[in-house]
Amino acid sequence: QAFNYSRAPFIRLEVSRRTFGSAVERSREHDQILQREGERIRIFKMQGYIFFGTASKFAEHVINCLAREKDIKWIIIDFKEVTGIDTSAKFSFLRLCQIANTSDLKIYFSSLPPAIAQVFEQENILRQGDGESVAFENLDLALESCEEELLEVLGAKSHEEMELTDWLSRELEDRDIAAKLAKAMERKDCQPGEFVCRQNEQADSFFFVVSGRVSIVMELADLEPVRLRTMLGQTVIGEMGFYRRTKRSASVHVEKPSTIYELKRDVFEDMMVADPLVANALNVFIVKALADRLSFANKEVAALQR
């Protein structure tokens, strides 16, 4: 049986942040940074039963990757599809963590089954040199943490203090148009627990998240809401339903204090007549945002099919 396990592929997926991201949508500027520098984050999704042979092969594979690709600074090892682990396999993961503790490499684990987590905890595998836990509930949370750390290391500017007009000026490359567009919107200062809009409402407006954090959640009858995406500052929400003139497919829930601007349909339609230059600039901005999302989604699909 051990021989059969040794022949089975134990890495289901190996990708970098350049082609595989978390469910957090960030500003265009931050997203471009993460795609450009995404090779620094490497993700391994494991599968099947891991015994000493496969664990040793995996450790050697990671070490060889680090030798070839000097830019790798974060490694996420996901155990969602791992069915079990031989007790001797722990030494290979301990070896990797020892390498991390003597370098600037960080190794994170996600979706650990309780039995494996217990073994790793006993061997102190789930603690970095400063005692910080390196275990995450799921891959998405681990990847979000790595993204935040990478942006911080690269000195990416925070958007929390930026005003709507400043953001739009950068995107539209015209401050006068940006000022007119900002003036047409209604500001909302939202607190955690509030809903910006609710599922099944008519999409008669859409929103510009200037700062804060909101989640797009699907509300299901008799079940807990399902979080689909998380949006940070300098992102747009609700535009698809608005342009398609449909009902909202999900609700938007505020997680952190957020500054949000709403553009209503009647204001937009008046703008198209009274100031078509501004309306056209907005339409181009939205098309670019949707194109960026589609482009990255295509990269993710290609990565998953390899």
Side-chain angles (χ1 to χ4, degrees), residues 4-25 34-35 37-69 71-86 88-97 99-100 105-121 123 125-126 128 133-150 226-230 296-306:
N4 290 333
Y5 281 134
S6 68
R7 298 178 63 188
F10 50 90
I11 301 176
R12 179 180 176 274
L13 180 69
E14 178 181 347
V15 291
S16 76
R17 174 52 183 81
R18 182 172 288 178
T19 56
F20 190 88
S22 73
V24 176
E25 185 156 336
L34 288 172
Q35 290 193 52
E37 303 292 339
E39 290 299 327
R40 302 190 190 203
I41 302 173
R42 185 61 55 88
I43 303 151
F44 296 94
K45 295 191 73 172
M46 311 293 285
Q47 67 177 4
Y49 187 87
I50 301 176
F51 77 116
F52 67 93
T54 54
S56 178
K57 288 181 182 178
F58 175 69
E60 290 299 326
H61 177 71
V62 171
I63 291 170
N64 289 336
C65 285
L66 294 172
R68 291 194 311 268
E69 303 173 51
D71 288 341
I72 298 177
K73 300 301 178 186
W74 290 268
I75 288 177
I76 302 173
I77 307 173
D78 185 69
F79 281 73
K80 184 177 181 179
E81 297 185 33
V82 172
T83 57
I85 187 170
D86 184 272
S88 60
K90 63 188 178 186
F91 295 109
S92 294
F93 294 101
L94 183 60
R95 179 186 177 193
L96 291 176
C97 290
I99 292 173
L105 174 71
K106 289 188 177 182
I107 297 179
Y108 292 154
F109 298 90
S110 61
S111 309
L112 283 168
I116 298 178
Q118 184 178 12
V119 172
F120 281 12
E121 188 70 51
E123 295 297 327
I125 294 174
L126 301 183
Q128 292 179 341
S133 175
V134 295
F136 288 84
E137 181 181 348
N138 54 54
L139 174 59
D140 188 62
L141 291 175
L143 186 49
E144 178 184 347
S145 179
C146 289
E147 291 171 346
E148 294 287 350
E149 291 177 29
L150 176 55
V226 176
R227 185 169 68 172
L228 305 177
R229 296 283 291 175
T230 296
F296 190 71
N298 287 339
K299 290 179 182 179
E300 287 189 316
V301 170
L304 292 171
Q305 290 180 339
R306 283 188 301 182

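The analysis underlying the following values was restricted to heavy atoms, covering all of them including side chains, and did not include hydrogens, waters or symmetry mates.
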Could you check if a side-chain atom of [X] sits within less than 4.5 angstrom of a side-chain atom of [Y], using non-hydrogen atoms only?
X: Ile76; Y: Ser110; value: yes
X: Phe10; Y: His61; value: no
X: Asn138; Y: Asp78; value: no
X: Asp140; Y: Ser22; value: yes
X: Thr230; Y: Glu144; value: no
X: Val134; Y: Ile107; value: no
X: Leu66; Y: Ile75; value: yes

Checklist line | Exam field: side chain Glu300 to backbone Gly21, donor-acceptor pair closer than 3.5 Å | finding: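 Flag set: sc Glu300 to bb Gly21 pair under 3.5 Å.
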Next item on the list: Keeping the roles fixed (side chain from Thr54, backbone from Phe51), state whether a donor-acceptor pair exists under 3.5 Å.
Entry: yes
At their closest point, which heavy atom of [X] faces which heavy atom of [Y], and how far apart are they?
X: Trp74; Y: Leu105; answer: N-CD1, 4.1 Å
X: Cys65; Y: Ile72; answer: O-CD1, 4.1 Å
X: Ser88; Y: Phe52; answer: OG-CB, 3.2 Å
X: Glu147; Y: Ile41; answer: N-CD1, 4.1 Å
X: Val82; Y: Pro113; answer: O-CG, 4.1 Å
X: Leu150; Y: Glu37; answer: CD2-O, 3.8 Å

Pairwise distance [atom1]([X]) to [atom2]([Y]) - rounded to 0.5 angstrom:
X: Ile125; Y: Phe120; atom1: CD1; atom2: CZ; value: 5.0 Å
X: Lys73; Y: Arg40; atom1: NZ; atom2: CZ; value: 8.0 Å
X: Leu139; Y: Phe44; atom1: CG; atom2: CZ; value: 12.5 Å
X: Glu149; Y: Tyr108; atom1: CD; atom2: OH; value: 3.5 Å
X: Ser16; Y: Leu34; atom1: OG; atom2: CG; value: 11.0 Å
X: Phe296; Y: Thr19; atom1: CZ; atom2: OG1; value: 6.5 Å

Notebook entry, point to check: Among Ile85, Thr83, Asp86, whose side chain to side chain contact (heavy atoms under 4.5 Å, CB included) with Ile50 holds?
Noted result: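 Going through Ile85, Thr83, Asp86 one by one, the side chain to side chain contact (heavy atoms under 4.5 Å, CB included) with Ile50 is satisfied by Ile85 alone.
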Next item on the list: Going by the side-chain hydrogen bond (donor to acceptor under 3.5 Å, both in side chains) test, name the single residue among Arg18, Lys299, Arg17 that passes it with Gln35.
Entry: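 The single option meeting the side-chain hydrogen bond (donor to acceptor under 3.5 Å, both in side chains) with Gln35 is Lys299.
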Item checked: Leu126 vs Leu112, side chain to side chain contact (heavy atoms under 4.5 Å, CB included): CA-CA, chis, key distance, verdict -> CA-CA 11 Å; Leu126 301 183; Leu112 283 168; 3.8 Å; yes
Note to self: Within the 3.5 Å criterion, strictly below it, is a donor on Glu60 or Ser56 matched to an acceptor on the partner's side chain?
What the structure shows: no
